Each structure stands twice: as structure tokens, then as C-alpha cells.
Number of protein chains: 2
Amino acid sequence: MESVPLLREQERSSNGKIAPFVAMLALAACMCLGVFETSTSTQKLPATSEIETFTGDLRQRCSVHYIEQTLDHFTASHGTYQERYFVCSEHWVQNGPIFFYTGNEGDVEMYLTNTGLMWENAKEFNAMLVFAEHRYFGKSIPFNGTFSKESMRFLSVEQALGDYAILVEHIKKQFNTKDSAVIAFGGSYGGMLAAWFRQKYPYIVDGSIAASAPVLAFDGETPPIDNEAFSRIVTFGATPAAGSAANCVPNVRKAQVVIRAASNSSDGWQQLKSSLRLCYAPTNTEEALSLLDLFTGVYGDLAMGNYPYPSSYIADNLPGYPYRAACEHLAPDFADDASLLQAFRDSAGVLYNATGKVPCYDWNSTTPVEQINFWEYLWCSEMYMPFDQNGVDDFLPVAIHNETSDAESCFKNWGVELRPLWANTVFGGVQGLQYSSNIVFSNGNYDPWSGYGVLHDLSDTLIAVEIDGGAHHLDLMFSNPLDPPSVTKARKIEMKHVRRWIQEKKKHV
Amino acid sequence: MESVPLLREQERSSNGKIAPFVAMLALAACMCLGVFETSTSTQKLPATSEIETFTGDLRQRCSVHYIEQTLDHFTASHGTYQERYFVCSEHWVQNGPIFFYTGNEGDVEMYLTNTGLMWENAKEFNAMLVFAEHRYFGKSIPFNGTFSKESMRFLSVEQALGDYAILVEHIKKQFNTKDSAVIAFGGSYGGMLAAWFRQKYPYIVDGSIAASAPVLAFDGETPPIDNEAFSRIVTFGATPAAGSAANCVPNVRKAQVVIRAASNSSDGWQQLKSSLRLCYAPTNTEEALSLLDLFTGVYGDLAMGNYPYPSSYIADNLPGYPYRAACEHLAPDFADDASLLQAFRDSAGVLYNATGKVPCYDWNSTTPVEQINFWEYLWCSEMYMPFDQNGVDDFLPVAIHNETSDAESCFKNWGVELRPLWANTVFGGVQGLQYSSNIVFSNGNYDPWSGYGVLHDLSDTLIAVEIDGGAHHLDLMFSNPLDPPSVTKARKIEMKHVRRWIQEKKKHV
């Protein structure tokens with residue numbers, strides 16, 4: 001199953017490493033994630049006697065459709081593209097609500113398959129589920145899938161929201177259900193889209209569940225954003241307060257000192273090859289230092305994917321509480337540097353060698369173009385989030401964002417200008433949200449993105465839900481016996497608001 | 001002084017006559033409107049002892065500026081253009097409000113010069129006046145003013161609103177006045193922009209005066225729009241209820257019967273040449289019939305420009321209540337067809353021969369490219385308003401809109417696809433407005449655009465103000481002793497709300 005590229009790419013972007021289709025540094029194991037099989041979508045109707053277990057292939061319970069969308073909603077042009085969406089209507093009753101997933105930066109089948117909150121509530125609410133694919137992802141790629149810098153220019157948040165507005169109207173017309181309440185659901189960037197969809201198109205969307213949505217991550221925010229929140233929360237995940245071994249943070253720091261020391265000599269490079277089990281040794285200091293980012297980079301992913309049960313959403317084959325598992329390798333006091341580095345390697349292996357079958361780390365591999373995730377394009381063109389690692393409040397290598405060099409990279413890689421203030425202008429950050437209504441923002445304190453989420457109620461209908469011990473949009477996932485009580489409660493609160501929004505809608509019809 | 005091209009072009013567009021830079025049929029007199037002298041803008045500061053008479057060149061009391069704007073806010077690209085705006089800050093006190101004119105489809109100097117409501121209230125409110133020019137108009141034309149169909153593609157409502165959002169933020173920063181209330185003012189299409197600016201960017205605009213704004217003129221509205229409202233209100237202007245001669249409507253109808261009868265023979269064409277004082281006779285039936293639209297077309301302009309005092313806003317040299325003046329020519333019972341046609345000609349002459357110096361009507365002249373108004377592009381690309389004349393409820397030639405042929409014309413002339421539902425999707429019509437706040441919509445019952453305006457309060461803060469006997473955004477004009485009491489009252493209501501919005505803003509700072 002595919003990982004969520006936004007988050008992992010994004011985390012790296014925050015370190016200034018935007019090298020999308022040129023030479024994205026990445027460990028080989030990271031590239032071995034299974035690709036979701038997308039060729040089996042059918043239009044088969046579900047058996048009516050089906051028990052709500054959600055164990056089968058959920059795509060089989062939906063029909064797949066394409067809608068011809070205008071490529072550019074905001075400037076006149078001729079182009080269109082085919083946007084894919086899934087409709088899962090087995091429990092839908094005429095005039096019942098529409099639960100609409102605002103697809104984010106990935107194949108929409110991933111969201112269909114994982115968004116348990118929608119599935120588990122469909123029956124009670126007599127809801128139709130719609131999963132909309134974001135333009136330029138999955139099978140919704142313009143220009144017949146051909147890629148060039150120029151062909152990328154219709155990829156934008158506003159265009160995607162325009163697509164969703166048109167799609168909702170289309171579905172309502174097609175199902176002859178113009179008074180149905182529409183509830184948007186989304187997680188991560190999809191959560192941002194769900195919130196902004198309600199904010200900009202409240203007459204189309206009656207309410208939104210915006211899970212783990214870093215809507216306040218942009219320059220121009222008042223008060224200014226905390227650039228270090230992400231890396232600080234990543235670090236929190238490695239502490240006893242988050243259930244990790246007490247030695248984890250100091251040992252990660254020590255491991256970096258050792259790698260830095262080894263980065264200056266060819267002996268050191270060989271030592272790194274051996275201790276870190278690299279497929280080949282670094283050949284210069286810069287290469288050796290790049291290992292710092294690669295090996296510490298896992299902690300961001302582990303923080304996001306720190307679900308209480310084994311999961312393959314953020315990355316394949318993660319164990320329950322994978323961050324704790326990673327830190328367990330770093331629990332001892334190590335007698336020598338080699339042991340420390342080996343443990344550091346094994347810690348990263350929770351993500352990079354989840355199958356236990358990776359013989360060595362091909363650390364200098366590049367990402368093939370077809371595997372590039374276009375989130376970086378969005379980040380460059382309008383979703384620029386200037387994050388820092390200061391190495392003091394966090395346990396990561398120092399990496400302070402540099403707008404100038406980020407702008408240069410973005411222009412070089414994607415041919416676009418960085419517009420650091422635009423996101424705040426067009427959506428207004430917290431000030432903008434305060435004019436909206438009917439949005440639940442949920443955030444888990446294990447999730448580094450919560451540093452840029454809405455953590456306090458903004459009004460009676462702009463609700464912040466905190467999920468103690470929750471990782472990246474845990475609340476959107478299927479219920480699990482290992483769920484902490486906080487997420488069960490969060491889901492109840494969310495659906496209580498959904499119920500209210502639906503009732504409000506009925507009153508106004 | 002320039003006329004307001006939106007309205008006049010638009011009215012004609014509603015008859016299906018979109019032939020912008022190919023062969024726009026127009027009487028010669030219509031092309032003789034003086035061009036506003038724009039070369040004298042200076043940055044001179046006003047004398048502090050100046051009396052608020054507003055008789056001089058108001059541009060002299062402002063400074064002119066340009067801001068570099070991104071050409072495309074919603075898809076990444078490299079282009080920028082220079083957007084012009086005027087700042088008139090003689091009465092501004094630090095942290096005082098900003099009155100922001102959302103420029104529409106014309107040279108912004110026209111709005112600067114005519115928007116008396118802003119000027120007359122600047123002192124009392126300690127307000128800074130800002131007049132922002134709409135992209136592609138006046139001196140804010142991208143691509144160094146070169147024109148091609150392709151170069152037009154960044155002309156859109158949403159792009160213009162994006163410009164204004166950025167401009168407000170820029171001005172606040174420049175004047176170090178981040179907590180200033182911002183009040184948008186606009187008339188006609190500018191009124192639509194003012195309303196939509198508040199609707200989509202409420203965190204940037206604290207309230208809007210949307211005068212004569214036909215925000216409900218689009219397909220997709222619930223209930224559907226009344227396609228004939230415009231022509232019915234035009235016709236109302238020719239009735240005694242609007243102060244016009246009782247015979248006006250029947251005589252306009254009769255004149256059309258006579259022209260139709262004359263359209264079939266060369267004798268008739270000569271008769272038309274002589275009675276209507278044409279520079280040359282029609283040479284076929286189609287040409288003769290085209291005179292029906294040309295001569296009846298004036299009534300739309302006269303309805304809009306039906307101000308109680310002489311004015312040159314909608315067209316040059318209009319007398320007070322020009323519609324009544326036009327109808328006065330048609331007050332008698334005419335003994336013969338020639339007399340009727342001559343009177344019909346003189347009626348139209350109130351607009352077409354306002355100076356009394358037009359020797360004959362060059363009815364087949366075309367509009368030079370440089371005089372084309374780009375409103376038609378907007379109309380084709382996203383502001384399509386499907387208006388009809390049924391000839392029964394109105395006194396105009398029958399003209400029922402035809403979406404298919406309009407789409408063909410738009411594609412032929414501008415290379416764009418008609419998107420009749422998009423305006424309603426992106427702004428939501430009356431449903432969309434109901435989620436907004438702090439907008440005053442004003443409409444005069446003499447103004448045919450009021451057929452598509454907000455005529456009833458939508459909430460406690462979405463206010464409809466009716467101006468009995470008011471023509472097109474009369475309330476935005478300078479006060480005049482001949483003003484009907486309705487407009488004086490309307491302005492008071494408007495500024496009462498402006499005061500409230502400013503106070504609200506202060507409370508929230």
C-alpha cells in the first residue's frame with residue numbers, strides 16, 4: 001500500500017531538500033513500498049446482506065466514474081481533463097447526506113480504502129460516500145498523463161476546490177438530490193482541502209471534518225507561525241512522555257555526533273558503511289553528512305504513523321506504535337560508537353527495513369520520474385511551509401529554511417515562483433477561518449502536523465478536537481480494539497457535529 | 001468622459017450581438033464619446049485648506065502607483081503585470097479606515113472622478129481613498145498592452161479579486177496600518193466585485209457597498225433568474241410611472257412596425273435613410289432590420305443614465321432625466337410614418353446626438369480594436385447573463401438568447417468556451433451570499449440591472465436598499481440638489497452601516 005507522500009516529502013522539503021525528479025536522496029527501502037493495485041475497480045453492486053466488517057476490498061462496494069473537468073476554472077481556456085471519483089451508495093437513501101472525501105495528493109483509492117470514519121457511519125446516516133480524486137494524482141492526470149513542467153501549471157489548491165464544487169453539483173443533479181447535506185471529510189492536505197472547501201464554498205458544503213490539517217502553516221499568519229513546531233513534535237515522539245525509551249533522544253543526538261566525526265575521513269566513511277549497513281560507502285564529507293538527514297528523517301514518518309496497531313498507511317508494515325519500536329533499539333547505553341550506530345540503523349530500519357529483507361541501504365538512489373509525487377509542486381507554487389530544525393529544541397540536524405534557496409530550487413525543478421504569502425492571502429489563515437462555520441479540526445499530539453493545526457475552538461461551530469496519543473489523522477482510520485479512548489471520543493464528537501449539520505440543512509430546505 | 005462600457009456592451013450582448021473586434025454595429029455618434037484625459041495624473045499633495053467642493057480635477061488630490069501583480073494567482077506561472085491604483089489620503093488619519101474602490105471594466109480614473117460617496121465621506125471618516133484598477137483596463141494591461149486572444153486569458157473575476165486582496169495587504173503594510181477597517185465600494189460590475197470581495201475575502205474586507213450589482217444574473221440560481229427583467233425595466237422607464245410621456249411606449253412599438261414594413265424594399269430603405277437621417281441607406285432587409293436594435297438600444301442606456309441632473313457618466317452630455325427627454329419626442333400622436341420615424345430618430349438622438357452636431361448616423365461603422373471593451377471577454381468566459389426581450393412585456397424587438405449561438409460567437413471572437421454555470425458555482429448566487437455578512441446592496445428602480453440585484457435583506461447585515469427613482473448606482477455619485485430624497489436616504493443608510501463595520505473592526509482589534 002502506498003505511503004502518504006505529502007507528509008514524507010513535505011517533511012524533507014522542510015529541510016530544504018527539494019530535488020524532486022532530479023536526484024531525490026532516498027534509501028532504497030523507501031522506494032520498495034508496494035504500489036496499490038488499481039486495476040480491479042469494478043461497478044459491482046454489494047450484496048445487501050453484507051455485514052459491516054470492512055475487511056474485503058472496499059473498492060468493490062463502489063462504482064468508479066469520471067467527470068470531464070475544466071482544466072482552468074479561473075482563466076478561460078479550452079482544456080479539460082477526466083477526474084476520477086468513486087461513489088459508494090449501498091446505504092444511501094434518497095435525500096440522504098453525501099459524505100465527500102476531498103482527495104489529496106495520492107491515488108484516491110488509498111483514501112477510499114482507509115477512511116474508516118466515512119465507511120463506519122454510512123449506514124447509520126444513510127449516507128452516500130463519494131471519494132474524489134485530486135487533479136494530477138492517481139488516474140486524474142491531465143494531458144493524457146504526459147509530464148512536463150509546463151503541463152503542471154493547472155495543479156493548484158484553488159483549481160482542485162473548483163473541481164470539487166463542480167463535482168458535488170454534478171452528483172446532486174445526477175442523483176436528483178439537490179437538498180442533500182454534503183459533508184466534506186479529509187485528512188492532512190485533504191483536511192486542509194475539506195476546511196477550505198467549506199470556507200470558500202459554504203453553499204455547497206454543509207460542514208467539514210478536517211483531520212490533521214496544517215491550515216496554519218503559512219507565512220503571513222498573525223501571530224507568526226512557529227517554524228520549529230514540526231521538528232519539536234517529532235522529537236516529542238522519541239521521549240518517555242510519548243511512550244518511547246528514555247535514552248532515545250540522547251542516543252539519536254550521540255549518533256549524529258559520531259556520524260559527523262566520521263564524515264571527515266575515508267576510514268570514517270568505511271566505518272559508516274559497515275555500521276549503518278550501507279550498500280556502498282560515502283566518498284566525500286558531503287555525502288557522509290547527507291546520511292544525517294536520511295537516518296533522522298524516519299522520525300517524522302514514525303511520528304505521523306505512530307498508530308497503536310500495525311499499519312501500512314504512512315509506510316508499509318509498520319508495527320503498533322512504530323516510534324516506540326524504533327526508539328527501543330536506542331534504549332540501551334552503548335559501550336562503543338559502532339554499537340550505537342548499529343542501533344541507530346536498526347531504529348531507522350523500523351521504517352526503511354520494515355520487512356527485514358533489505359540487505360543494505362542504497363542511500364544514493366534517485367526517485368524515478370513516474371514515482372515523483374507532485375506535492376512538491378504544490379509546495380513550491382503555493383503551499384510553501386517554512387519549517388526549521390534548530391537542533392536544540394529538537395534532536396534533528398540543524399536545518400533552517402532559506403527562502404531564497406528554496407525559491408531557486410523550486411524554479412529550477414518546477415519552473416515556478418515561490419509565493420510564500422499567497423496561501424495566507426487566499427485563505428486567510430486563522431483570521432479567514434473565523435468567518436467560516438461548521439468545521440471540526442482534529443489533531444493528535446503525536447502528529448507533528450498538529451503544530452500547524454487549529455487546536456482551540458474558534459467559535460461554537462469551529463471546533464478543535466484533541467486526540468491524546470493520536471498520530472496523523474488517526475480518527476479517520478477504521479476503529480480498532482487498540483484505539484486509545486481519546487480517538488473513540490473524538491469520532492463521537494465529530495459525528496455529533498455531522499448530525500447537527502445535517503439537521504440544520506434539513507431545517508433550511 | 002467615457003461611458004460605462006459594461007452596461008452598454010452588455011445590454012447588446014443580451015441580444016446575442018457579440019461581435020467585439022470584428023464588426024460591432026454601432027452608430028457613429030456612439031463612437032464619438034470623449035476619451036478621458038489620463039495623462040495628467042500627478043503626485044501633487046492637496047492644499048490643506050482646500051474646501052470640500054469636489055469641483056476640480058480629483059486626480060490631482062491623489063497619488064498614482066503601480067504594484068507588480070502575479071498574472072495568474074491560481075496556477076503557477078512566471079508572468080506579472082503592473083496594476084495601477086490611486087491613493088487619496090488627504091483626510092486619512094493613521095489607523096483610519098480604507099475606502100477601497102474595486103475597479104470595474106474601465107479606466108479607474110472614471111471611478112475616481114465619479115464616486116462621490118467615497119469623496120464626500122472621506123473627511124468625516126478620516127478615510128484613505130484607494131481606487132484600484134481592474135486588470136486589462138485603463139493602464140493596467142498585461143503584456144505591454146499587446147492584444148491577442150491568447151493574451152486575454154488572465155482576465156477573470158477571480159484573478160481581479162486576487163489582485164485586490166494582495167493590493168489591500170500591500171497598502172496596509174506600506175502605511176503600517178494593519179488594523180485599519182477596509183470598506184469596499186463598487187458600482188455595477190464593480191459592485192459585484194465589492195460584494196464578492198467581501199464574500200470570498202472577509203478577513204481582508206470588513207464590509208462592502210455594492211451598488212447596482214447584478215449578482216443574481218446567472219444560470220443556476222434558485223429560483224431561476226427572470227431572463228426578461230432587464231428589458232421589462234428598460235420599458236418601465238418609458239412609461240408615465242417613470243415620468244415619461246404616455247405615448248412613448250406605443251410610439252416606439254409603432255416605429256418598429258414602420259421600420260419592419262420599410263425593410264423589404266429599396267424604396268423603404270431610402271425612406272429609412274431620410275427619416276432616420278442615416279449617412280447611407282440600408283442595402284438589404286437584414287441591414288434595415290439591424291436598425292431596430294440600434295435605435296431601440298438607446299433605451300437601455302437611457303434607463304441606466306436616467307439621473308435627475310445633466311450628466312456624462314453613462315454617455316456624454318445627457319440632460320437631466322434623459323429617458324424622459326427621449327420620450328418627450330415621442331409624446332405626440334403622429335399623423336404619418338415619416339413624422340413618427342423622425343421623432344423616433346430624435347428620441348435616440350438624446351443619446352446618439354447629444355451634442356446636436358451629428359449630421360447623420362454612420363450606422364454601419366465598426367469599432368476599432370483599441371476601443372473594444374473587454375467586458376465582452378468576461379461575459380463570454382464566466383459572466384454569461386442570458387437575457388431576453390420578448391416584445392410583449394417589453395417594447396423592444398424580440399430577441400431570445402441562444403446559448404448555442406452565444407457559445408459559438410464567444411469561441412469565434414475570443415477563443416473561449418462559454419461556461420454558463422460557473423459564476424453560480426464559484427459565487428453561489430443568493431445561497432452563497434447568505435453565508436456572508438456586512439454588505440449593502442443598493443438598487444434604483446429606474447435601473448434595468450436592478451432586475452438581477454439583491455432587493456430584500458438577506459440577513460441583519462446583508463442589507464437591500466431601494467432607491468425610488470434611482471438610475472444606475474445613483475447613490476455612488478456626488479450629491480446634487482436635484483437628488484430625489486430616496487438617494488439621500490440611501491446614502492445615509494449606507495454610511496450608517498459603514499460606520500458600524502468600522503466600529504466592529506475596532507472592537508476586534
Side-chain angles (χ1 to χ4, degrees), chain A residues 70-80 149-150 152-159 161-162 165-166 168-170 173 178 198-204 220 222 377-378 380-382 410-411 414-419 421-422 424-438 508, chain B residues 70-80 149-150 152-159 161-162 165-166 168-170 173 178 198-204 220 222 377-378 380-382 410-411 414-419 421-422 424-438 508:
Chain A
T70 301
L71 258 179
D72 192 345
H73 300 296
F74 308 107
T75 67
S77 67
H78 322 144
T80 60
K149 285 184 192 175
E150 174 60 17
M152 294 301 296
R153 71 187 166 91
F154 300 109
L155 172 56
S156 84
V157 180
E158 299 88 339
Q159 301 286 2
L161 293 176
I166 286 172
V168 167
E169 292 185 338
H170 172 79
K173 202 169 176 183
K178 74 179 175 62
R198 168 67 187 173
Q199 188 184 336
K200 293 290 186 181
Y201 298 85
Y203 45 97
I204 292 179
T222 307
Y377 180 90
L378 283 167
C380 280
S381 59
E382 55 178 347
C410 282
F411 192 82
W414 298 103
V416 301
E417 305 278 359
L418 205 65
R419 295 182 296 160
L421 292 171
W422 173 246
N424 195 260
T425 297
V426 74
F427 297 114
V430 73
Q431 278 78 21
L433 288 169
Q434 278 163 342
Y435 286 94
S436 189
S437 61
N438 291 8
H508 285 93
Chain B
T70 301
L71 258 179
D72 192 345
H73 299 296
F74 309 107
T75 66
S77 67
H78 322 144
T80 60
K149 284 184 194 177
E150 174 60 17
M152 295 300 296
R153 72 187 165 92
F154 301 108
L155 172 54
S156 84
V157 179
E158 297 89 341
Q159 300 286 2
L161 292 176
I166 285 172
V168 168
E169 292 186 339
H170 172 79
K173 199 167 177 184
K178 74 180 175 63
R198 168 69 186 170
Q199 188 184 336
K200 292 290 187 182
Y201 298 85
Y203 45 96
I204 292 179
T222 308
Y377 179 92
L378 282 168
C380 280
S381 58
E382 56 178 346
C410 283
F411 192 80
W414 298 104
V416 301
E417 305 278 359
L418 205 65
R419 295 182 296 161
L421 291 171
W422 174 246
N424 194 262
T425 297
V426 73
F427 297 116
V430 73
Q431 277 77 19
L433 288 169
Q434 279 164 341
Y435 285 95
S436 188
S437 61
N438 291 8
H508 285 92

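This is a predicted model, so every value here is computed, not measured. Convention: sequence-line order gives letters A, B, ...; per-chain numbering from 1.
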Mind ranking [options] by heavy-atom pairs under 4.5 Å with chain B and telling me who comes out on top?
options                      : value
A:Tyr377, A:Phe154, A:Phe427 : A:Phe427
A:Val416, A:Leu433, A:Val426 : A:Val426
A:Gly428, A:Ser381, A:Ser436 : A:Gly428

Reported OH-to-OG distance for the pair B:Tyr435 and A:Ser437, which is rounded to 0.5 angstrom: 7.0 Å
Nearest-0.5 Å distance, NZ of residue B:Lys173 to CG of residue A:Leu421: 6.5 Å
Counting only non-hydrogen atoms closer than 4.5 Å, does [X] touch chain A with its backbone (N, CA, C, O), its side chain (CB onward), both, or neither?
X        : result
B:Thr70  : side chain
B:Gln431 : both
B:Gln199 : side chain
B:Ile166 : both

Under the side-chain hydrogen bond (donor to acceptor under 3.5 Å, both in side chains) test, residues paired with A:Asp72 that sit two or more places apart: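 If we apply the side-chain hydrogen bond (donor to acceptor under 3.5 Å, both in side chains) test to A:Asp72, skipping adjacent residues, the hits are A:Thr75, A:Gln159.
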Whether A:His73 and B:Trp422 hold their rings parallel, tilted or perpendicular, with breakpoints at 30° and 60°: parallel
Distance-minimising heavy-atom pair for B:Tyr203 and A:Asn424: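 That closest heavy-atom pairing would be CE1-O, 4.0 Å.
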Heavy-atom pair count under 4.5 Å with chain A, highest-scoring of B:Lys200, B:Glu417, B:Met152, B:Gln434: B:Lys200
